[in-house]
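Every value quoted in this text rests on a predicted model; they were computed, and no experiment measured them. Letters A, B, ... are given to chains in the order of the sequence lines, protein chains preceding strands, and every chain is numbered from 1.
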Protein chains: 2
Amino acid sequence: MVRHRRDEYRWEGVDVHPYKEEGGTHFKSITRQTLFHGDGDLAVELRYFEIAPGGHSTLERHEHAHLVTIIRGRGQVLVGDEISEVGLYDVVTVPPFTWHQFRATKGDHLGFLCVVSSTRDKAQRPGETELEQLRSSEPVSDFIRA
Amino acid sequence: MVRHRRDEYRWEGVDVHPYKEEGGTHFKSITRQTLFHGDGDLAVELRYFEIAPGGHSTLERHEHAHLVTIIRGRGQVLVGDEISEVGLYDVVTVPPFTWHQFRATKGDHLGFLCVVSSTRDKAQRPGETELEQLRSSEPVSDFIRA
């Protein structure tokens, strides 16, 4: 079965959703499209997230892992205490229970494919204690939006 | 952890391998790079395959499913008895036990990311009876390279 891309970063038969259904102010300018929901021996989902220039995903962690491939633009990502520049076709792995946040640079969209297990736990956001720990690193403190 | 793309369709710390270690004449002009090998709740592999102009993958089927995203060039794919044109960011799903083959068009590379379960069965190639069945459809018969 082929799901054709319709135009730039939209696919036929796929709706564009808000990043998180419950809303919130802990993320900014980001959309989600689900391209595949599998079961059986390939019980994973493939989602496409797109962050508009200057936007960011939620700073969060969870038990499930992420496998991300950048397919549009440029940005930065925090994984654990490491901040990296990312661009086209870079592959980002987020291990279980690791703080992470994606940001699009000012002039660029950041679009990425993300593979996750179809069955997964909910994301946790940092409490005051965890934010304090994260902010003990100056680069991390400058980077995060919480 | 970030695996940066090094140049066009090569990644840092990733070797370029033949498509199949055992060799053979049932495929043509195709390479493989393994970008991620996961376990735990994300027990999948992410591979990048690249077919040079005029080349093709093996005509095969297996119990495990494939989740493919085209990231370079153009080509055609057979899934079951359906032949489709595919291009940038099209998503191809190959269900269990479904005959499939990828071909790059004459003037283009065809490069794609492929997600599969880390633990999976071996591919089967068609025998004479199965080839006869496949060839009962004229478009399929014209398409396949076995």
Side-chain angles (χ1 to χ4, degrees), chain A residues 1-14 33 35-46 48 62-72 76-80 82-96 98 100 111 113 115-121, chain B residues 1-14 33 35-46 48 62-72 76-80 82-96 98 100 111 113 115-121:
Chain A
M1 183 268 208
V2 178
R3 193 183 285 291
H4 289 281
R5 187 178 53 130
R6 214 177 50 197
D7 48 31
E8 272 222 311
Y9 297 88
R10 301 290 177 268
W11 286 261
E12 60 183 23
V14 176
Q33 296 174 74
L35 306 180
F36 174 79
H37 178 99
D39 51 21
D41 86 307
L42 198 58
V44 297
E45 283 188 7
L46 178 68
Y48 174 71
H62 34 66
E63 190 175 1
H64 63 274
H66 280 320
L67 170 59
V68 164
T69 309
I70 312 297
I71 66 166
R72 179 177 193 181
Q76 296 88 33
V77 60
L78 170 75
V79 180
E82 201 175 324
I83 297 160
S84 306
E85 296 285 325
V86 289
L88 207 57
Y89 304 141
D90 287 344
V91 175
V92 181
T93 309
V94 180
T98 307
H100 57 283
L113 299 169
V115 178
V116 282
S117 175
S118 292
T119 55
R120 56 190 181 275
D121 62 323
Chain B
M1 182 269 207
V2 179
R3 194 182 285 290
H4 288 281
R5 187 176 53 130
R6 214 179 49 198
D7 48 30
E8 272 222 310
Y9 296 88
R10 301 290 177 269
W11 285 262
E12 61 183 20
V14 177
Q33 297 174 73
L35 306 180
F36 175 78
H37 178 98
D39 51 21
D41 86 307
L42 198 58
V44 297
E45 281 188 7
L46 179 68
Y48 175 71
H62 34 66
E63 190 175 1
H64 63 273
H66 281 318
L67 170 59
V68 163
T69 308
I70 312 297
I71 66 166
R72 180 177 192 181
Q76 296 88 34
V77 59
L78 169 76
V79 180
E82 201 175 326
I83 297 159
S84 307
E85 295 286 325
V86 288
L88 206 58
Y89 305 141
D90 287 344
V91 175
V92 181
T93 309
V94 181
T98 307
H100 57 283
L113 299 169
V115 178
V116 283
S117 174
S118 291
T119 55
R120 57 189 180 275
D121 63 323

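For a residue to count as touching a neighbouring chain, one of its non-hydrogen atoms must lie under 4.5 Å from one of that chain's; by this rule A/Val92 touches chain B with backbone and side chain alike. With a threshold of 4.5 angstrom between heavy atoms, B/His100 does not approach chain A through any atom at all. Contact of A/Ser117 with chain B is made through backbone and side chain together, with heavy-atom distances under 4.5 Å. Interface residue A/Val2: backbone and side-chain heavy atoms are both found under 4.5 Å from chain B. Neither the backbone nor the side chain of A/Glu12 comes within contact range of chain B, judged by heavy atoms closer than 4.5 Å. Contact of B/Val44 with chain A is made through the side chain alone, with heavy-atom distances under 4.5 Å. Only the side chain of A/Leu113 comes within contact range of chain B, with heavy atoms under 4.5 Å apart. Neither the backbone nor the side chain of A/Thr98 has a heavy atom closer than 4.5 Å to any heavy atom of chain B. Residue A/Val116 touches chain B through its backbone alone, counting heavy-atom pairs closer than 4.5 Å.
Of all heavy-atom pairs between B/Glu45 and B/Ser118, the closest is N-OG, 3.8 Å. Closest approach of A/Leu42 to A/Phe36, counting heavy atoms only: O-CE2, 4.0 Å.
Heavy-atom contacts from other residues, nucleotides or ligands closer than 6.0 Å to CG of B/Asp39 number 12 or fewer. Residue A/Glu82 places its CD atom among 12 or fewer non-hydrogen atoms of other residues, nucleotides or ligands, all under 6.0 Å distant.
Relative orientation of the A/His64 and A/His62 rings is parallel, given thresholds of 30° and 60° on the angle between their planes. Aromatic ring orientation, A/Tyr9 versus B/Tyr89: tilted (interplanar angle from 30° to 60°).
For the atom pair CZ of A/Arg3 and CG of B/Asp90, the computed distance is 11.0 Å after rounding to the nearest 0.5 Å.
Residue B/Val86 forms a side chain to side chain contact (heavy atoms under 4.5 Å, CB included) with just one option from B/Thr69, B/Ile70, B/Val68, and that option is B/Ile70.
With chain B as partner, the option from A/Arg120, A/Glu63, A/His4 having the largest number of non-hydrogen pairs under 4.5 angstrom is A/His4. Per-residue heavy-atom pair counts under 4.5 Å with chain B were compared for A/Leu88, A/Leu46, A/Thr119, A/Val77, and the maximum is reached by A/Leu88. The candidate from B/Ile71, B/Leu35, B/Val79 with the greatest count of non-hydrogen atom pairs under 4.5 Å with chain A is B/Ile71.
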